[in-house]
Each structure stands twice: as structure tokens, then as C-alpha cells.
Amino acid sequence: MDRNSGLDWNCMLEFIETLDAAAILDATGNYIYVSSSWEKYTGVSADYALGHKVWEIIPDTHAAEVFRTGKPVTARVVRAQGVPAVTNYIPRLDGQGKVIGIFIYVIIHGTDDARDLSERLALLAKENEFYKKELSSIRGARYSLDNIIGQSPAIQKLKEQILQASRFTSTVLIEGETGSGKELIAHAIHSVSPRRSANFVRVNCSAIPADLMESEFFGYSAGAFTGASKKGKTGRFVLANKGSIFLDEINLLTPTMQPKFLRVLQEREVDPVGGNRSVPIDVRVIAASGIPLETLVEKGEFRSDLYFRLNVIRIQAPPLRERKEDIPLLVQSFLGRLNQQLGMMIEDITPSALEMLMEYDWPGNVRELQNAVEQAMNLTDGSVLRVQDFYQLRARLRSRSYHTLAQSVDYKLRPARQAFERDLIRDALEAADGNRVKAAKLLGISRTVLYNKIEEYKLK
């Protein structure tokens, strides 16, 4: 300490002693100083504390977090002798950024004061979270980068592309198979972009009738046509102004709408139906297609100039078969979400069932996987999903094996069909716990047919 600063060590101690409680730790977490008020707070004498680890005396301490991160921890409620106190931890770092000491001080000590502050902070945090969710719901962006589950190289690359795309305002084209998460990618791009506080408008091009597309996308003026609202209507592009618009299944845009979309992208303005002036817009366009647009351009089914306008930043959603190492994480995520939605308590999945999921190629991708998990959850009678709970998936796997074998030159078709049928019936009986009525329903056959098959194949 600079002795010429007008403050000496004794003066600094006087300041420290005015705090509700204070202490200093060395690089190993041992106490090297405690204030007199600290003794009252903890009920432990200074002579005993000095040389002891902080977590030996205050189990609730957050000092370990500071040693691990090298960052201050502030306003944490810590209990000593059952009494809460709002505590702060300030680290001292050496030249390499390593923690060599921590100054701990309490700013509020006492049950009433600490409880009051804690309750007020909790209320503020709750209100803040509520309004954030409300705003997100109103704006339309429901998912973020964290909702993209997986640690595979394909997912890591995808997240890097999303972060890169979010920095700019150029049009994004997302292509990928059905169920691969194209809409999730669009949400994530908007949620991490500078436009995240503005509207995120989602439009499925296949869900809008051809004769209503123009008025839906561009809006219309009052009295534009018979049956039109007297107040007119705001189009989707204008609703998305200053934000983003997600055009799902852009490949299904009608030929008459394609040149109009091209003009919107070029001129950054829309012409409401029946209006007499153009409306300027500032919109980030994110489009998605389940079919490569380049293929449609080659067939003459999609305008090449519109394709080039859309294909500024291109992101390919990876199919699940190319990132099967993500399946365990996806299944655990689905279990947590579906347990809440369905009011169930499925805790886990057996290794053998998980291995079966890894064997399948998932043509329906993540959406099909979620559907399979939900079906199994509704079939199981335990708290852990087993192989037999994935009845429909097992049927698909056996069907695939059957078709592969049946195509072999040396394999007889009839024995292959009989083996497949026998295994399918056995699986249905296992899934139904031996209940033949339930098994017949699962198979989609009558009880009489099932009884005959059981007798034919000598199944128990």
C-alpha cells in the first residue's frame, strides 16, 4: 500500500471492520484474515479459522467457483449457523491469471434483510423471465441455438454456419430432407442475429391457397376486392419489417408468385393488392426447401433468377443417418420434453434399445426419431424404454431385412415371408404382454387370423 496516499493499513482495516463480515483467503483456500464481525457471523473464532479451508467452515461457500473460473462471484446467499447472508467474492490474480487469493465480504447479514433481498431479486428474475418469454412468443422465435441437440462434427459445423449467417442480412437458403430441422435452423439464425428483438414471421408456402398468396404475403388496401376487410390487411412481409421472415417450402411457390417475390428481393418493397403505392420494407429473408432448388431450376419448375437471389447464404441441414452419434443425446432430450407434455415419468432407455435406434437409417430424420420415442413411451409399462417397446420400429427393421433377403437370387421368397411374419407376430405379442386382443390391434388383423397364425407358427 502506498503510504503517501493518506491511507494506512490500520485505516483500511477500519473500513473492512465496518462490513457485516469480511475474510481473506490464500491461494489454497485457507483463511489468512477474518474480521471481528466475521467471528460473530460464523460462530467460529479467528484463532481456529486461520489456517483452515473456507469450505471446511462454510460448506455453502462459492470460493471454489472463483478458484475454478478466476471471475468474481457477487450477491450470493450463503448460510452460516443457519443465518443467510448476501456474500461477495473478489479474486486476486497473478500475472498468468491464476487466483492467488480471494477477498470475501458480506453486505447484508441477517435473516430478515437477506430474505427480503432474496425475495425481491427472485421476483425480479421471475418477472424478467416471464416478459422475455412473452416477447419471444409474440415475436415468434421460439427456438435458439441451444435447441439444436448434438455434438457431432456435422452439428458443430451447422452451428458455426448459423452463427456466421446471423451476422449479416443476406438471404439464407436452408435445404434438407423432411424432418431434419430446417425450421429450427431458421429460428436459431433469427434468435442470435441483431434482429432478434424484432418480429420473426413464419409462413408455410404450401399452406396458402394459390389465389390468396398475393394478399397474404403483400397485404391489400381497403375495398381491394369483394369481401375484403374495410380496414385492409397487412401482409406478412410488412409484419416482418425490421425482423425476419421464414418462407418454408419455398419450392412450392406458384409460378405466378415467383416473379413477384423476385421483385421484393430486388427492390425491397411490396405492392399491396389494390394499393396505389409501394411499401418499403427492411426484412431478412430465410427460405427453406425439402427439394434442392437447383434441381427444380434444371427442370424448369423454378426461376433461376429467383434461385440466385435466395441462394446467397446456403445451409444444408444434415440428415440424421450422417450424425447417428447424436441419437443418444436426442433421445434423452425427447424423454425430458415428452415426459412434461404427456405427464409421464420415463427415466431412461436400455443400451440394447439404443443400439437398435443406432442401426436404423431414419428416412424421416429427427422428426421420425421423436415419433418412435413417443410411440414407445405409450407402449411401455415400465420406467425404462426397452427393445420390445419400439414395436413399429422393429417391424420396419424386419421389413427392411426381409426385402433385402428376398432380393437375393439364392433366397426363397416364401420362407423369407414366413420368417418375417412369424417374427412380426412374436414382436406384437411381446409388445402387448401376451394380450392377443391388443396384439391383433397392433397388427391390424382380426383375432381369428391371429389365433390361426399363432397355431401355424407354434408361438406361445
Side-chain angles (χ1 to χ4, degrees), residues 135-142 162 164-174 183 185-225 227-289 293 302-315:
L135 182 61
S136 176
S137 175
I138 294 170
R139 299 297 190 185
R142 298 177 302 185
I162 290 172
Q164 182 73 8
S166 68
R167 296 168 52 197
F168 310 107
T169 59
S170 298
T171 303
V172 179
L173 176 61
I174 306 170
E183 182 172 350
I185 295 171
H187 279 265
I189 292 172
H190 178 80
S191 68
V192 295
S193 75
R195 295 172 177 258
R196 58 184 171 272
S197 60
N199 286 347
F200 179 74
V201 177
R202 296 159 290 158
V203 188
N204 190 318
C205 297
S206 68
I208 303 176
D211 56 343
L212 295 180
M213 273 193 172
E214 189 170 3
S215 61
E216 281 294 319
F217 282 113
F218 309 139
Y220 59 79
S221 300
F225 50 85
S229 170
K230 295 180 179 180
K231 296 181 180 180
K233 180 176 180 178
T234 302
R236 305 292 182 91
F237 275 98
V238 175
L239 286 173
N241 195 38
K242 302 298 181 181
S244 306
I245 187 169
F246 173 52
L247 305 173
D248 197 10
E249 297 194 74
I250 190 73
N251 53 294
L252 296 177
L253 200 63
T254 63
T256 56
M257 287 299 297
Q258 290 181 26
K260 296 177 181 180
F261 267 60
L262 177 62
R263 182 180 182 279
V264 171
L265 294 177
Q266 288 178 331
E267 306 299 331
R268 296 292 168 177
E269 61 183 24
V270 297
D271 295 316
V273 177
N276 53 18
R277 66 181 182 86
S278 299
V279 178
I281 56 171
D282 173 16
V283 176
R284 174 60 172 304
V285 175
I286 305 173
S289 174
L293 290 187
F302 201 88
R303 291 180 63 113
S304 60
D305 46 5
L306 177 57
Y307 166 66
F308 294 131
R309 280 288 179 180
L310 292 170
N311 190 32
V312 179
I313 300 175
R314 182 176 176 275
I315 295 178

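Counting from 1, the numbers follow the sequence of the chain as shown.
- R284 places no side-chain N or O within donor-acceptor distance of the main-chain N or O of A240, the cut-off being under 3.5 Å.
- Atoms CZ and CG, from F200 and L239 in turn, are 13.5 Å apart once rounded to the nearest 0.5 Å.
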Show the numbers, then the answer: is there a side-chain contact (heavy atoms from CB on, under 4.5 Å) between L253 and L306? CA-CA 11 Å; L253 200 63; L306 177 57; 4.3 Å; yes
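- Screening residues 243-254 for salt bridge (charged side-chain N to carboxylate O under 4.0 Å, His left out) gives no qualifying pairs among residues at least two apart or on separate chains.
- Distance check, rounded to the nearest 0.5 Å: CD1 of I185 to CZ of F246 gives 9.0 Å.
- With sequence neighbours excluded, no residue forms a salt bridge (charged side-chain N to carboxylate O under 4.0 Å, His left out) with R309.
- In this structure the side chain of I189 reaches within 4.5 angstrom of the side chain of I315, judged on heavy atoms.
- With sequence neighbours left out, E216 forms a side-chain hydrogen bond (donor to acceptor under 3.5 Å, both in side chains) with K233, R236.
- The two atoms that bring A165 and I313 nearest to each other are CB-CG2, 4.0 Å, heavy atoms only.
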Could you pull out every donor-acceptor pair under 3.5 Å between side chains of residues 276-283 and any protein atom, sequence neighbours left out?
unit_1, atom_1, unit_2, atom_2, d
S278, OG, D271, OD1, 2.4
D282, OD1, R195, NH2, 2.6

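- Of all heavy-atom pairs spanning G275 and S221, the tightest one is CA-OG, 3.2 Å.
- Residues meeting the side chain to side chain contact (heavy atoms under 4.5 Å, CB included) test with T254, sequence neighbours left out: A210, M213, T256, M257.
- For the side-chain hydrogen bond (donor to acceptor under 3.5 Å, both in side chains) test, no residue two or more places apart in sequence or in another chain qualifies with S193.
- Across G243 and A198, no two heavy atoms sit closer than the pair CA-CB, 3.7 Å.
- The ring pair (Phe, Tyr, Trp, His ring centres under 6.0 Å) search around F217 returns F261, not counting sequence neighbours.
- Considering only residues two or more places apart in sequence or on other chains, Q164 meets the side-chain hydrogen bond (donor to acceptor under 3.5 Å, both in side chains) condition with R167.
- Taking 4.5 Å as the limit, every side-chain heavy atom of V264 sits out of range of all side-chain heavy atoms of V285.
- For the atom pair CG (L262) and CG (D305), the distance works out to 4.5 Å, reported to the nearest 0.5 Å.
- Closest of all the heavy-atom pairs between L252 and S206 is CD1-CB, 3.3 Å.
- F308 CZ to L265 CG: the interatomic distance, rounded to the nearest 0.5 Å, is 14.0 Å.
- The side-chain heavy atoms of L293 and L310, taken from C-beta on, include a pair separated by under 4.5 Å.
- With a 4.5 Å cut-off on side-chain heavy atoms, K260 and V270 do not count as touching.
- I162 CD1 to H190 NE2: the interatomic distance, rounded to the nearest 0.5 Å, is 14.0 Å.
- Taking E269 as the reference, R263 meet the salt bridge (charged side-chain N to carboxylate O under 4.0 Å, His left out) condition, with sequence neighbours excluded.
- Listed here is the closest heavy atom pair of S244 and I286: CB-CD1, 4.4 Å.
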